[in-house]
2 protein chains.
Amino acid sequence: MTRGGGATRDRILVEASRLFAERGYHGTSTRDIADKVGMRQPSIYSHFATKHLILAALLDADLVPARARVRAALDLPGPVAARLHAYLQVDVAAILSLPYDVRGLYNDDVLRAPELAEQAQRRAEIHDLTRELIETGIGGGELVPFDTGFVQHAITGLLLEVVRERGAAPSGTPAARALDVADFVLRAVLLDARLLDDVRARAATLVPGISTMAVPRPVG
Amino acid sequence: MTRGGGATRDRILVEASRLFAERGYHGTSTRDIADKVGMRQPSIYSHFATKHLILAALLDADLVPARARVRAALDLPGPVAARLHAYLQVDVAAILSLPYDVRGLYNDDVLRAPELAEQAQRRAEIHDLTRELIETGIGGGELVPFDTGFVQHAITGLLLEVVRERGAAPSGTPAARALDVADFVLRAVLLDARLLDDVRARAATLVPGISTMAVPRPVG
DNA sequence: GCGCCAAGCTATCGACCGATAGGCTAAGGA
DNA sequence: TCCTTAGCCTATCGGTCGATAGCTTGGCGC
């Protein structure tokens with residue numbers, strides 16, 4: 001690991017993420033991963049002590065920056081609608097720009113495994129923070145009084161599916177797709193539809209503040 | 001199978017659907033299913049020739065009525081917005097009322113397996129018909145000119161996540177959740193937000209016509 | 001009452017799984 | 001130069017997988 005600066009470890013992560021996306025975690029064997037990397041199956045264990053830790057590393061690469069982003073959106077000042085719009089844009093763009101194929105990470109229900117409890121907790125935290133943001137917007141009269149949990153789930157589902165779409169037919173740039181998602185959600189939840197242009201303008205000024213919270217992990 | 005009128009077969013399907021939802025298809029063994037049903041593992045093969053056929057039966061129970069519903073929505077007369085609203089309501093309510101736990105059916109990427117090609121094709125057909133409905137609405141100036149594929153994926157993601165939510169914390173009745181989904185999507189895509197009340201009223205008259213297209217499968 | 005057969009059972013198969021043990025090799029530091 | 005050790009290798013483990021073979025049983029039609 002020290003010799004190559006973690007290059008092999010990263011290749012394992014990249015290939016594993018592709019296979020997880022294609023066949024799911026349980027449907028992918030450590031031999032499958034090793035074959036793609038170009039090594040023997042036991043050699044994987046020079047870099048990861050268990051198969052679960054491969055998935056954990058991939059999940060963390062997504063979850064840790066994502067949590068930083070939603071926290072940034074919560075801490076920023078101003079109207080909730082603009083912060084939500086900016087957050088969605090940054091989140092989608094960031095996920096679509098990850099070096100890993102994240103499509104398979106949340107498909108399977110492996111997140112319930114006790115070995116991934118830490119990651120499951122991180123994800124729950126992101127959901128809680130998202131709900132908090134929505135709740136603030138509803139309480140302040142900016143957003144339609146939908147059930148908060150429903151809106152959070154709607155956003156989660158939208159993000160997951162947009163990510164899944166990328167692999168099948170990557171239509172449009174990440175930035176364009178990110179704007180689509182943000183617009184779609186805000187049109188749905190914004191109480192006064194006439195404010196959408198204003199929300200977009202305010203969001204544009206917030207995007208850099210949220211983006212810089214998430215330090216992208218460089219991978220060869 | 002003939003003696004009990006397929007009762008055991010249905011119990012296998014019910015228990016399998018719950019386990020698939022909990023651990024995914026690959027994460028569930030035929031022994032797990034047999035244990036829940038209360039029989040030995042090889043006895044499963046008196047009702048299903050392969051494990052894939054269990055999943056295929058579950059998928060068909062969802063996909064076949066779903067295809068009928070979207071076809072009905074396409075064939076009905078009147079504005080697209082109302083038809084889309086009605087379709088979404090009926091679809092969500094129908095899925096939430098299924099005797100099976102459908103949460104795990106589309107999580108894994110087993111649908112790519114050649115044994116499930118027929119089901120994959122059915123699902124693709126549903127997506128195509130949905131896109132057609134949206135395209136009509138955009139062309140007719142009723143809906144916001146989002147990318148058609150994006151809207152279809154957004155709807156798919158929303159439906160999947162709402163279904164997933166049910167198992168975790170079933171908040172609200174199926175009908176209430178169905179209305180939430182329909183409202184959320186139509187607020188997002190309706191060009192003139194002021195028409196929403198009218199769309200809802202028109203949709204209410206269409207709901208029976210779409211519902212009756214889908215014959216629910218009785219299961220004990 | 002008797003034969004048929006669906007539907008269960010036990011026993012077992014070969015394949016594949018994740019993981020471990022232990023050896024070889026080459027790069028890097030003393 | 002020699003020692004350490006990261007990073008690969010081969011060989012192999014026990015466990016579990018989906019699936020098959022073949023026996024037993026009990027309800028039904030005749």
Side-chain angles (χ1 to χ4, degrees), chain A residues 1-17 19-20 22-59 104 108-116 119 219-220, chain B residues 1-17 19-20 22-59 104 108-116 119 219-220:
Chain A
M1 185 184 336
T2 44
R3 306 294 163 85
T8 305
R9 189 188 138 97
D10 278 329
R11 283 182 54 223
I12 292 173
L13 287 175
V14 169
E15 297 298 341
S17 75
L19 287 166
F20 291 164
E22 208 174 301
R23 318 177 196 175
Y25 175 81
H26 281 116
T28 302
S29 74
T30 52
R31 280 169 183 83
D32 292 334
I33 300 170
D35 282 351
K36 288 281 180 187
V37 176
M39 53 170 35
R40 305 293 173 174
Q41 179 257 348
S43 302
I44 296 279
Y45 290 82
S46 294
H47 301 274
F48 298 92
T50 71
K51 187 189 173 191
H52 274 117
L53 286 176
I54 300 176
L55 182 57
L58 289 169
L59 285 167
D108 225 319
D109 288 74
V110 204
L111 223 70
R112 298 181 202 243
E115 295 93 336
L116 297 172
Q119 284 71 33
V219 166
Chain B
M1 188 184 338
T2 44
R3 305 297 162 87
T8 305
R9 190 189 138 99
D10 277 330
R11 284 181 53 220
I12 292 173
L13 288 175
V14 169
E15 297 299 340
S17 74
L19 287 165
F20 291 164
E22 208 175 302
R23 319 177 195 176
Y25 175 81
H26 282 114
T28 302
S29 74
T30 52
R31 280 169 183 82
D32 293 334
I33 301 170
D35 282 351
K36 289 280 180 188
V37 176
M39 52 170 36
R40 307 291 174 174
Q41 179 257 346
S43 302
I44 295 280
Y45 289 82
S46 294
H47 300 273
F48 297 93
T50 70
K51 187 188 173 191
H52 274 118
L53 286 176
I54 300 176
L55 182 57
L58 289 169
L59 285 167
D108 225 320
D109 287 74
V110 204
L111 224 68
R112 297 181 202 244
E115 295 92 336
L116 298 172
Q119 284 71 33
V219 166

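Scope of the values below: all heavy atoms of this structure, side chains included, with no hydrogens, waters or symmetry mates. Remember, predicted model here, so these are calculated numbers, not experimental data. So you know, we letter chains A, B, ... as the sequences are listed, proteins then strands, and number each from 1.
- Here the P atom of nucleotide C:dA21 and the OH atom of A:Tyr45 are 13 Å apart, to the nearest Å.
- Taking all atoms of both residues into account, the shortest heavy-atom contact from A:Thr50 to A:Tyr45 is CA-CE2, 4.1 Å.
- Across all non-hydrogen atoms, the minimal contact from B:Glu115 to B:Gln119 is O-OE1, 4.2 Å.
- Between the NE2 atom of A:His26 and the C1' atom of D:dT16 there is a distance of 13 Å, rounded to whole Å.
- In this structure, B:Gln41 places its CD atom 13 Å from P of D:dT16, rounding to the nearest Å.
- Within the 4.0 Å cut-off from OP1 or OP2 of C:dG8, not a single side-chain nitrogen or oxygen of B:Arg40 is found.
- Neither OP1 nor OP2 of D:dA6 sits under 4.0 Å from any side-chain N or O of A:Ser46.
- The distance from atom NE2 of B:His52 to atom P of D:dC17 is 16 Å, rounded to the nearest whole Å.
- With D:dC8, C:dG8, C:dT10 as the candidates, the nucleotide lying closest to the side chain of B:Pro42 is C:dT10.
- A:Arg31 places its CZ atom 14 Å from the P atom of D:dA11, with the value rounded to the nearest Å.
- One can place CD1 of A:Ile44 at 10 Å from P of D:dC9, the figure rounded to the nearest angstrom.
- Between A:Leu116 and A:His52 the shortest side-chain heavy-atom distance falls below 4.5 Å.
- Heavy atoms of A:Ser29 sit under 4.0 angstrom from primed sugar atoms or phosphate atoms, though from no base atom.
- Using a 4.5 Å heavy-atom threshold, the side chains of B:His26 and A:Tyr25 count as separate.
- B:Val37 pairs in a side chain to side chain contact (heavy atoms under 4.5 Å, CB included) with only one of the listed residues (B:Val14, B:Ile12, B:Asp32), which is B:Ile12.
- Phosphate proximity of D:dC8 to A:His47: present, with a side-chain N or O under 4.0 Å from OP1 or OP2.
- Close to C:dG8, at under 4.0 Å from its OP1 or OP2, lies a side-chain N or O of B:Thr8.
- Rounded to a whole Å, the CE atom of A:Met39 is 20 Å from the P atom of C:dC24.
- Remark: C1' of C:dG8 and CG of B:Asp35 are 15 Å apart, rounded to the nearest angstrom.
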